[in-house]
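In what follows, chains carry the letters A, B, and so on, assigned in the order in which the sequence lines appear, proteins first and then strands, with residues in each chain numbered from 1.
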Protein chains: 2
Amino acid sequence: MKSDNDHIKIDGIDKDILRYLMAEARKPILEIARKIGISGAAIHQRLRKLESSGLISGAKLVINPKVLGYTTMAYIGIYLDKAMSNPVAVKELEKIPEVLECHYTTGNWSILIKVLCRDNEHLMQVLNRDIQPIEGVSRTETFISLDQQIDRQITI
Amino acid sequence: MKSDNDHIKIDGIDKDILRYLMAEARKPILEIARKIGISGAAIHQRLRKLESSGLISGAKLVINPKVLGYTTMAYIGIYLDKAMSNPVAVKELEKIPEVLECHYTTGNWSILIKVLCRDNEHLMQVLNRDIQPIEGVSRTETFISLDQQIDRQITI
DNA sequence: GCTGAAATAGTAACTTC
DNA sequence: GAAGTTACTATTTCAGC
């Protein structure tokens, strides 16, 4: 039984399989099999092992929010009152669909969140109507991402 | 021909399909077909349409970096000298595999990046050996993510 | 959106080292 | 017994309707 923190051994073949699927999760496994030089069933067995080891945590369809009209991405640093517990604030943030990430951070803020909005007006609404009213939120600092220039996963 | 910024029409069935696949990109399409009540081929047609519209930009295998021993995630705000052009700095940041995201932001910094390291010592190395030496980088502010409490995509 | 044929994936039993 | 192949069934993909 492997816990989340055990390091596991993966060989070159595992790495090849992962690299292909990290870029294109629905790539035909037989195609990978032909390129690597082993059978499709063998790849499937390795994938099952990588899944049960916890290294593979899933596969997600990536969608382009711009096509839906969501063009404004921003990071917001949130200062919480000392009395306010982080988990309670996170529970409230979870209810806001525009909040995509939430980190409990060292440094100036208690919380750093990433939000995705249609435009600046929508962002202002989320700040004023959804975030500021949360109990314990004293102040926020907003950084709009004018352009996301790198977006990738860990390199295998 | 649709450009990246056109909004497209998607109906309830499209939304259902997207919701299933955004959570589990490798979920059998026939399984979704049975739940929604249309044929697998119909779903496939809709997926092709969604792909060519640009809404679906791909499918990625999600891996758990903790299993590989990467436990320290941090955001780093970077101040650039006025003379330094952003694209040149980004080109250098791209060469650092630990840099997962890079945003050109409004506010205090020129650039906000997200890095993933094995531990605090590794993070220190990346800062001192890889980031600080980049020409034009004058100062950095680091925020370690003690815990990522929300991580999701846009809600459809 | 459906149908049906060809390609591909997933599973299990068998083989080899 | 760990890793792979072969053989078999289910699913996906693609063309024609």
Respond yes when some side-chain nitrogen or oxygen of [X] is under 4.0 Å from OP1 or OP2 of [N], and no when none is.
X	N	answer
A:Arg48	C:dT11	yes
A:Lys49	D:dA3	yes
A:Arg46	D:dG4	yes
A:His44	C:dG10	yes
A:Ser39	D:dG4	no

Any idea which of C:dT11, C:dC2, D:dA3 is nearest the A:Ala41 side chain?
C:dT11

From the options C:dC2, D:dT11, D:dG4, select the nucleotide whose nearest atom is closest to the side chain of B:Ile38.
C:dC2

DNA chain C nearest-nucleotide lookup for A:Arg34 and B:Gly40: closer to the 5′ end is B:Gly40

Please compare A:Gly37 and A:Arg26 by the position of their nearest nucleotide in DNA chain D and report the one closer to 5'.
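That would be A:Gly37.
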
[atom1] of [X] versus [atom2] of [N]: gap in Å, rounded?
X	N	atom1	atom2	value
A:Ile13	D:dT5	CD1	C1'	14 Å
B:Ile29	C:dT8	CD1	C1'	13 Å
B:Leu30	C:dC2	CG	C1'	14 Å
A:Glu24	C:dA9	CD	P	13 Å
B:Leu47	D:dT11	CG	P	17 Å
A:Ile43	D:dA3	CD1	C1'	13 Å
B:Ile36	C:dC2	CD1	C1'	16 Å

Decide yes or no for [X] and [Y]: does some side-chain heavy atom of the first lie under 4.5 Å from some side-chain heavy atom of the second?
X	Y	result
A:Gln149	B:Asn86	yes
A:Ile113	A:Ile131	yes
A:Asp14	A:Leu55	no

Output yes when B:Glu51 and B:Arg48 qualify as a salt bridge under the 4.0 Å nitrogen-oxygen rule, no when they do not.
no

If you look at every strand shown and take non-hydrogen atoms under 4.0 Å, does A:Gln45 touch a base, only sugar-phosphate, or nothing?
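The residue A:Gln45 makes base contact.
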
Using side chain to side chain contact (heavy atoms under 4.5 Å, CB included) as the criterion, point out the one residue from A:Leu93, A:Thr140, A:Ile76, A:Thr105 that pairs with A:Ile111.
A:Leu93

Any idea how B:Trp109 and B:Tyr79 line up, ring-wise: parallel (<30°), tilted (30 to 60°), or perpendicular (>60°)?
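Perpendicular, since the angle between the ring planes exceeds 60°.
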
Under 3.5 Å, N/O pairs linking protein and nucleotides 14-17 of chain C:
none

Residue of the set A:Arg118, A:His122, A:Lys114 for which side chain to side chain donor-acceptor pair (under 3.5 Å) holds with A:Glu98
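Result for side chain to side chain donor-acceptor pair (under 3.5 Å) with A:Glu98: A:His122.
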
